[in-house]
Structure formats: structure tokens, C-alpha cells
Amino acid sequence: EVQLVESGGGLVQAGGSLRLSCAASGFTFDDYAIGWFRQAPGKEREGVSCISSSDGSTYYVDSVKGRFIISSDNAKNTVYLQMNSLKPEDTAVYYCAATSNLLLLRLWVFSSLYDYWGQGTQVTVSS
């Protein structure tokens, strides 16, 4: 059974940091890329970052460049999203997702690219 389990969300003040984790099981981790998406109330789901487990290439949406860092521990089948200098506008439910479409990673921001999704973890940034 494929599972993606997010953890690490919570409440933090603006300027603070959180590290999200996405633990994967049930598929060959090295053959997939893992993306992080977020969805704020009343807004569409937005691609935040993505990492290819096969070659380590990374992608970020402009709004988080320089603040968020995505990394992968292939031995643990886990992807992390280190979020620094958090802003109230980062408040959202954060989801991780897995895609086997490694040749189409230039399209990483599109949720339709992904095969599996986690249940999400809430991140709230207070001002």
C-alpha cells in the first residue's frame, strides 16, 4: 500500500522556522520525485517545491526561494521541507505528493502530474 505521511506542521510566529517531513512507503522511492504543495483557505492548491529522488534536482516557486529548502534522505524514504523566515502568507495545509513522471519535472507545479498524495499538515504563521 502506498503511503505518504506528512508531519512537522504547527503554529509559529512570523520569522520563525518549521521543518516538514514526508515519509513515503509502498513504492520504489528512488524512482519518484516528491513535491510539496500548499492550499490556503479559499485558494487553489499551489506547488511549493519538488525534489527528484533519483538525481537530487530541486525546484522552488519564486515566493519561497531563499527561505525554503527541500532535501531528501533516500535511506529513510523521507523528504524534508525546511521553512525559514516564515510569513503569515505561508499559512496553509501543506501536502506532499509523489510522481513517477521524472521526464516531465519541468511541469512539477501541476498537481495532475502526481500519482500519490498525503493527507496534509497544517502550518499556521501568526503575525
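Owing to the predicted nature of the structure, the values given are computational and were not obtained by experimental measurement. Computed over heavy atoms, backbone and side chain alike; hydrogens, waters and symmetry mates excluded.
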Query raised in the report: Can you tell if the side chain of Ser54 reaches within under 4.5 Å of the side chain of Leu102, non-hydrogen atoms only?
Result: yes
Query raised in the report: Tell me, do Val125 and Val123 make a side-chain contact under 4.5 Å, heavy atoms counted?
Result: yes
Query raised in the report: Under the side-chain hydrogen bond (donor to acceptor under 3.5 Å, both in side chains) rule, what pairs show up with a residue in residues 15-31, not counting sequence neighbours?
Result: Ser17-Asn84, Asp30-Asn74
Report summary line: Between Trp108 and Gly47 the two heavy atoms that sit nearest each other are CZ3-C, 3.7 Å
Report task. Could you list all the ring pair (Phe, Tyr, Trp, His ring centres under 6.0 Å) pairs where at least one residue sits in residues 61-99, not counting sequence neighbours? Result -> none
Report task. May I ask you to check whether Phe37 and Trp117 place their ring centres under 6.0 Å from each other? Result -> yes
Query - Spatial distance of atom OG (Ser127) from atom CD (Glu89) [nearest 0.5 Å] - result: 10.0 Å
Query - Side chain Thr99, main chain Leu113, donor-acceptor under 3.5 Å - result: yes
Requested in this report: Would you mind reporting whether Val79 and Trp36 have side-chain heavy atoms less than 4.5 Å apart?
Outcome: yes
Query raised in the report: Where is the tightest heavy-atom contact between Thr78 and Ala23, given as atom of each residue plus distance?
Result: OG1-CA, 4.0 Å
Query - Gap between atom CG of Leu81 and atom CD1 of Ile34 - 0.5 Å precision - result: 12.5 Å
Query raised in the report: Counting only N and O atoms by type, is there a donor-acceptor contact under 3.5 Å from the side chain of Ser85 to the main-chain atoms of Arg67?
Result: no
Report task. Sequence neighbours left out, what passes side chain to side chain donor-acceptor pair (under 3.5 Å) with Gln122? Give chain and number order. Result -> Thr124
Report task. Using the test ring-ring contact (aromatic ring centres under 6.0 Å, His included), find all partners of Tyr116 that sit at least two apart in sequence or belong to another chain. Result -> Phe27
Requested in this report: Scan residues 40-57 for pairs that pass salt bridge (Lys or Arg N to Asp or Glu O under 4.0 Å), counting only residues two or more places apart or in two chains.
Outcome: Arg38-Glu46
Query - Intermediate values then yes/no, side chain to side chain contact (heavy atoms under 4.5 Å, CB included), Ser52 and Tyr32 - result: CA-CA 6 Å; Ser52 171; Tyr32 281 73; over 6 Å; no
Query - Under the disulfide bond (SG atoms under 2.5 Å apart) test, residues paired with Cys50 that sit two or more places apart - result: none
Query - Student check: side-chain heavy atoms of Leu20 and Gln82 closer than 4.5 Å - result: no
Query - Test item: Tyr59 side-chain N/O and Val109 main-chain N/O as donor-acceptor pair under 3.5 Å - result: no
Report task. To the nearest 0.5 Å, tell me how far Asn101 CG sits from Ser112 OG. Result -> 9.0 Å
Query raised in the report: Any ion pair linking Lys87 and Asp90 (charged N to carboxylate O, less than 4.0 Å)?
Result: no
Report task. Evaluate the side-chain proximity of Leu4 to Glu6: yes if any heavy-atom separation is below 4.5 Å, no if none is. Result -> no
Query raised in the report: Does any donor atom in the side chain of Asp115 or Ser100 lie under 3.5 Å from an acceptor atom in the other side chain?
Result: yes
Requested in this report: Supply the atom-to-atom distance Leu107 CG to Phe110 CZ, rounded to the nearest 0.5 angstrom.
Outcome: 6.0 Å
Query raised in the report: Say you draw a straight line from CD of Gln119 to OG of Ser7; how long is it, rounded to the nearest 0.5 Å?
Result: 13.5 Å
